[in-house]
Chemist: 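I'd like to ask some things about the structure below.
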Amino acid sequence: MSKIYGSAADALDGLLHDGMLIAAGGFGLCGIPELLIDAIQKSGVKDLTVASNNAGVDDFGLGLLLQTKQVKKMMSSYVGENKEFMRQYLGGELELEFNPQGTLAERMRAGGAGIPGFYTKTGVGTQIAEGKEHKDFDGETYILERGIFADISIVKAWKADETGNCIFRKTARNFNPPAAMCGKVCIMEVEEIVKPGELDPDHIHLPGISVHRLIQGEHEKRIEQRTVREA
């Protein structure tokens, strides 16, 4: 059965429902699944919990879902660059589960590996540790973090073959691999789909077994903070 779908809406068909948990790849605006996010917004699905490093900017990326109040909770490590994210959180309109960045990535990876929880020193003695199980190993205190098991994963890669073996380009290889792994169904958008065998096996960042649906499309690729050297 082909994994390739004609559009983001087609690839999401039958998967979306109110109150679901979505794991989203990307970092800032780098490597975000912008086409899938746009399709989710247009679907009208609501009360979403989204696990993502951040929530894009006010008018792009996951910020679009915040604008339309389709997200009830964010599981993130960074709130900056998005004034609406900050406004909703401070106004009590949006739940926020803060995660240290590495912990969030590992929670996704653990979910993808079938690991329900792991112990880490990160966050011990801070608000992050409140309400979590503490355990000592070799005289050091650790806290229990739970793996993330999402209903769907939405991610973006640079290039993939028809079976889903894919390559992420440079810094887009950030949260995309662990996010892709932790969803019951992974939908991936790519810039180019090639025939099996055209990608060097040694260059594959994520094997196709983790990818269930593929779309190819054009991407805007916005830059959050453009910094250039003076002429």
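As a basis for the values below, the full set of heavy atoms in this structure was taken, side chains included, without hydrogen atoms, waters or symmetry mates.
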Chemist: Could you tell me whether a side-chain N or O of K159 sits under 3.5 Å from a main-chain N or O of L199, the two making a donor and an acceptor?
Modeler: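 Not a single qualifying donor-acceptor pair exists.
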Chemist: Taking P116's backbone N and O only, do any of them form a donor-acceptor pair with R146's side chain (distance below 3.5 Å, no angle check)?
Modeler: yes
Chemist: Rounded to the nearest 0.5 Å, what's the gap from CG on N54 to CZ on F175? Could you check?
Modeler: 8.5 Å
Chemist: So E106 and T103, side-chain contact (heavy atoms from CB on, under 4.5 Å) or not? Walk me through it.
Modeler: CA-CA 5 Å; E106 180 59 17; T103 299; 5.8 Å; no
Chemist: Is there a path of hydrophobic side-chain contacts, each under 4.5 Å between heavy atoms of I/L/V/M/F/W/Y residues, joining I115 to I148?
Modeler: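 Each belongs to a different hydrophobic cluster.
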Chemist: Identify the two heavy atoms, one from A110 and one from G147, that lie closest to each other, and give their separation to 0.1 Å.
Modeler: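 The answer is CB-CA, 4.3 Å.
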Chemist: Test question: given the 4.5 Å side-chain rule for I, L, V, M, F, W and Y, name all other residues clustered with Y142, or answer none.
Modeler: Y119, F137, L144
Chemist: For the pair S76 (side chain) and S52 (backbone), establish whether a donor and an acceptor sit closer than 3.5 Å, ignoring hydrogens and angles.
Modeler: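 Confirmed, S76 side chain pairs with S52 backbone.
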Chemist: Taking transitive links into account, so neighbours of neighbours count too, which hydrophobic residues share a cluster with I209 at under 4.5 Å side-chain distance?
Modeler: none
Chemist: Search all heavy atoms of A39 against all heavy atoms of L12 and return the closest pair with its distance.
Modeler: CB-CD1, 3.7 Å
Chemist: Go through the steps for K72 and T49 under the test side-chain contact (heavy atoms from CB on, under 4.5 Å), then give the verdict.
Modeler: CA-CA 6 Å; K72 74 170 184 179; T49 297; 3.9 Å; yes
Chemist: Do L62 and L35 sit in one hydrophobic cluster, given that two such residues count as connected whenever their side-chain heavy atoms are within less than 4.5 Å of each other, even indirectly?
Modeler: yes
Chemist: Of all residues at least two apart in sequence or in a different chain, which pass the side chain to side chain contact (heavy atoms under 4.5 Å, CB included) check with E220?
Modeler: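 So E220 forms a side chain to side chain contact (heavy atoms under 4.5 Å, CB included) with E34, F60, R222.
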Chemist: Output the distance between atom CD (E97) and atom NZ (K73), rounded to the nearest 0.5 Å.
Modeler: 4.0 Å
Chemist: Is there a continuous path of hydrophobic side-chain contacts, each under 4.5 Å between heavy atoms, that joins I152 to M75?
Modeler: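 Different hydrophobic clusters.
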Chemist: I want to check something: taking the side chain as every heavy atom from C-beta on, are E198 and E192 in contact at a cut-off of under 4.5 Å?
Modeler: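 They are not in side-chain contact.
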Chemist: Using a strict 4.0 Å threshold on nitrogen-to-oxygen distance, state whether E162 and K195 make a salt bridge.
Modeler: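 Salt bridge between E162 and K195, a charged N being under 4.0 Å from a carboxylate O: yes.
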Chemist: Using side-chain hydrogen bond (donor to acceptor under 3.5 Å, both in side chains) as the criterion, list what pairs up with D58, not counting sequence neighbours.
Modeler: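 With sequence neighbours excluded, D58 shows a side-chain hydrogen bond (donor to acceptor under 3.5 Å, both in side chains) to no residue whatsoever.
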Chemist: Please confirm whether the backbone N or O of G31 pairs with a side-chain atom of N176, one donor and one acceptor, at under 3.5 Å?
Modeler: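 A pair under 3.5 Å: yes.
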Chemist: Look only at the side chain of E189 and the backbone of L36, and say whether a donor-acceptor pair between them is shorter than 3.5 Å.
Modeler: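 Yes: the side chain of E189 pairs with the backbone of L36.
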Chemist: Side-chain heavy atoms under 4.5 Å apart, restricted to Ile/Leu/Val/Met/Phe/Trp/Tyr: what other residues fall into the cluster of I4, or is it alone?
Modeler: V155, F168, M181, M188, V190, I193, L206, V211, L214
Chemist: Once side-chain hydrogen bond (donor to acceptor under 3.5 Å, both in side chains) is applied, do any residues pair with K83, and if so which ones, sequence neighbours excluded?
Modeler: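 Here no residue qualifies.
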Chemist: Is there a path of hydrophobic side-chain contacts, each under 4.5 Å between heavy atoms of I, L, V, M, F, W or Y residues, that connects F98 with F85?
Modeler: yes
Chemist: Side-chain donor-acceptor contacts of residues 13-26 below 3.5 Å, not counting sequence neighbours, with atom names and distances?
Modeler:
from : atom 1 : to  : atom 2 : distance (Å)
D18  : OD1    : K46 : N      : 3.0
D18  : OD2    : K46 : NZ     : 2.8

Chemist: How far apart are the closest heavy atoms of I40 and S43, and which atoms are they?
Modeler: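 Where I40 meets S43 most closely, the heavy atoms are O-OG, 2.6 Å.
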Chemist: Among residues at least two apart in sequence or on other chains, which ones pass side-chain hydrogen bond (donor to acceptor under 3.5 Å, both in side chains) with K121?
Modeler: E140
Chemist: So which atom in K132 and which in H134 form the shortest heavy-atom distance, rounded to 0.1 Å?
Modeler: O-ND1, 2.8 Å
Chemist: Where is the tightest heavy-atom contact between I32 and G61, given as atom of each residue plus distance?
Modeler: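 What the structure gives for the nearest pair is CD1-CA, 3.7 Å.
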Chemist: To the nearest 0.5 angstrom, please state how far the SG atom of C30 sits from the NZ atom of K170.
Modeler: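 Atom-to-atom, C30:SG and K170:NZ are 11.0 Å apart.
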Chemist: Going from CG on L104 to OG1 on T122, what distance comes out if it is rounded to the nearest 0.5 angstrom?
Modeler: 12.0 Å
Chemist: Any chance you could measure L96, atom CG, to M86, atom CE, to the nearest 0.5 Å?
Modeler: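 Separation between the atoms: 12.5 Å.
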Chemist: Under a single-linkage rule joining Ile, Leu, Val, Met, Phe, Trp and Tyr whose side-chain heavy atoms are separated by less than 4.5 Å, which residues share a cluster with Y78?
Modeler: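 Answer for Y78: none, a lone residue.
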Chemist: What salt bridge (Lys or Arg N to Asp or Glu O under 4.0 Å) pairs are there with at least one residue in residues 172-187, not counting sequence neighbours?
Modeler: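 Non-adjacent pairs meeting salt bridge (Lys or Arg N to Asp or Glu O under 4.0 Å): D151-K184.
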Chemist: Regarding Q101 and N53, do their side chains bring together a donor and an acceptor under 3.5 Å, going by distance alone?
Modeler: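 Q101 vs N53: donor-acceptor pair found between side chains.
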Chemist: Between V79 and V57, is there a shared hydrophobic cluster once you connect ILVMFWY residues whose side-chain heavy atoms come closer than 4.5 Å?
Modeler: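 No: no chain of side-chain contacts under 4.5 Å links V79 to V57.
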Chemist: What pair of heavy atoms forms the shortest contact from I143 to I128, and how long is it?
Modeler: CD1-CG2, 4.3 Å
Chemist: Strictly distance-based, threshold 3.5 Å: is any side-chain N or O of H205 a donor or acceptor partner for the main-chain N or O of I167?
Modeler: no
Chemist: Sequence neighbours excluded, which residues qualify as side-chain hydrogen bond (donor to acceptor under 3.5 Å, both in side chains) partners of D161?
Modeler: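 By the side-chain hydrogen bond (donor to acceptor under 3.5 Å, both in side chains) rule, D161 matches T163, N165.
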Chemist: Side chain to side chain contact (heavy atoms under 4.5 Å, CB included) with E93: which residues, sequence neighbours excluded?
Modeler: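 Expected list: K69, R87, Q88.
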Chemist: At what distance, to the nearest 0.5 angstrom, does CG of N99 lie from CE of M74?
Modeler: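 Reported to 0.5 Å precision, the distance equals 10.5 Å.
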